[in-house]
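Note sheet for the following structure.
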Amino acid sequence: MTAKLIALTGATGFIGRHLVGELPRHGFRIRVLLRRPAEVPPGASGAVIGDIAKPRNMADALRGVDAVIHSAGI
């Protein structure tokens, strides 16, 4: 069985940091959405650069995703 893939916004924020650290321990893969190129947080299996305020590449961010957790402060 393949691990569920979760797209996570706000991965570098207070709540997001905890989610990206904890969810893989429970068998989930995490794809983070980052506003600017940065180091992918430990625990994330991938990243997409984009801005949810300007959703040009949301199709890439959400391709193959089973669930979305929105923890960005917007």
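No hydrogens, no waters, no symmetry mates; every other heavy atom, side chains included, goes into these values.
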Check: Once you round to the nearest 0.5 Å, how far does OG of S71 lie from CG of L8?
Finding: 4.5 Å

Enumerate, atom names and distances included, each donor-acceptor pair closer than 3.5 Å involving a side-chain atom of residues 22-30, sequence neighbours excluded.
residue, atom, partner, partner atom, Å
E22, OE1, R25, NH1, 3.1
E22, OE2, H26, NE2, 3.0
R25, NE, G21, O, 3.4
R29, NE, A3, O, 3.4

Notebook entry, point to check: Between CD1 of I69 and CD1 of I6, what distance do you get to the nearest 0.5 Å?
Noted result: 4.5 Å

Next item on the list: Locate the shortest heavy-atom distance separating A11 from V32; write the atom from each residue and the value.
Entry: CB-CG1, 3.3 Å

Next item on the list: Using the side-chain hydrogen bond (donor to acceptor under 3.5 Å, both in side chains) rule, collect all pairs that involve residues 9-19, keeping only residues at least two apart or in two chains.
Entry: T9-H70

Next item on the list: Could you pull out all residues at least two apart from V65 that satisfy side chain to side chain contact (heavy atoms under 4.5 Å, CB included)?
Entry: L5, A7, R31, V68

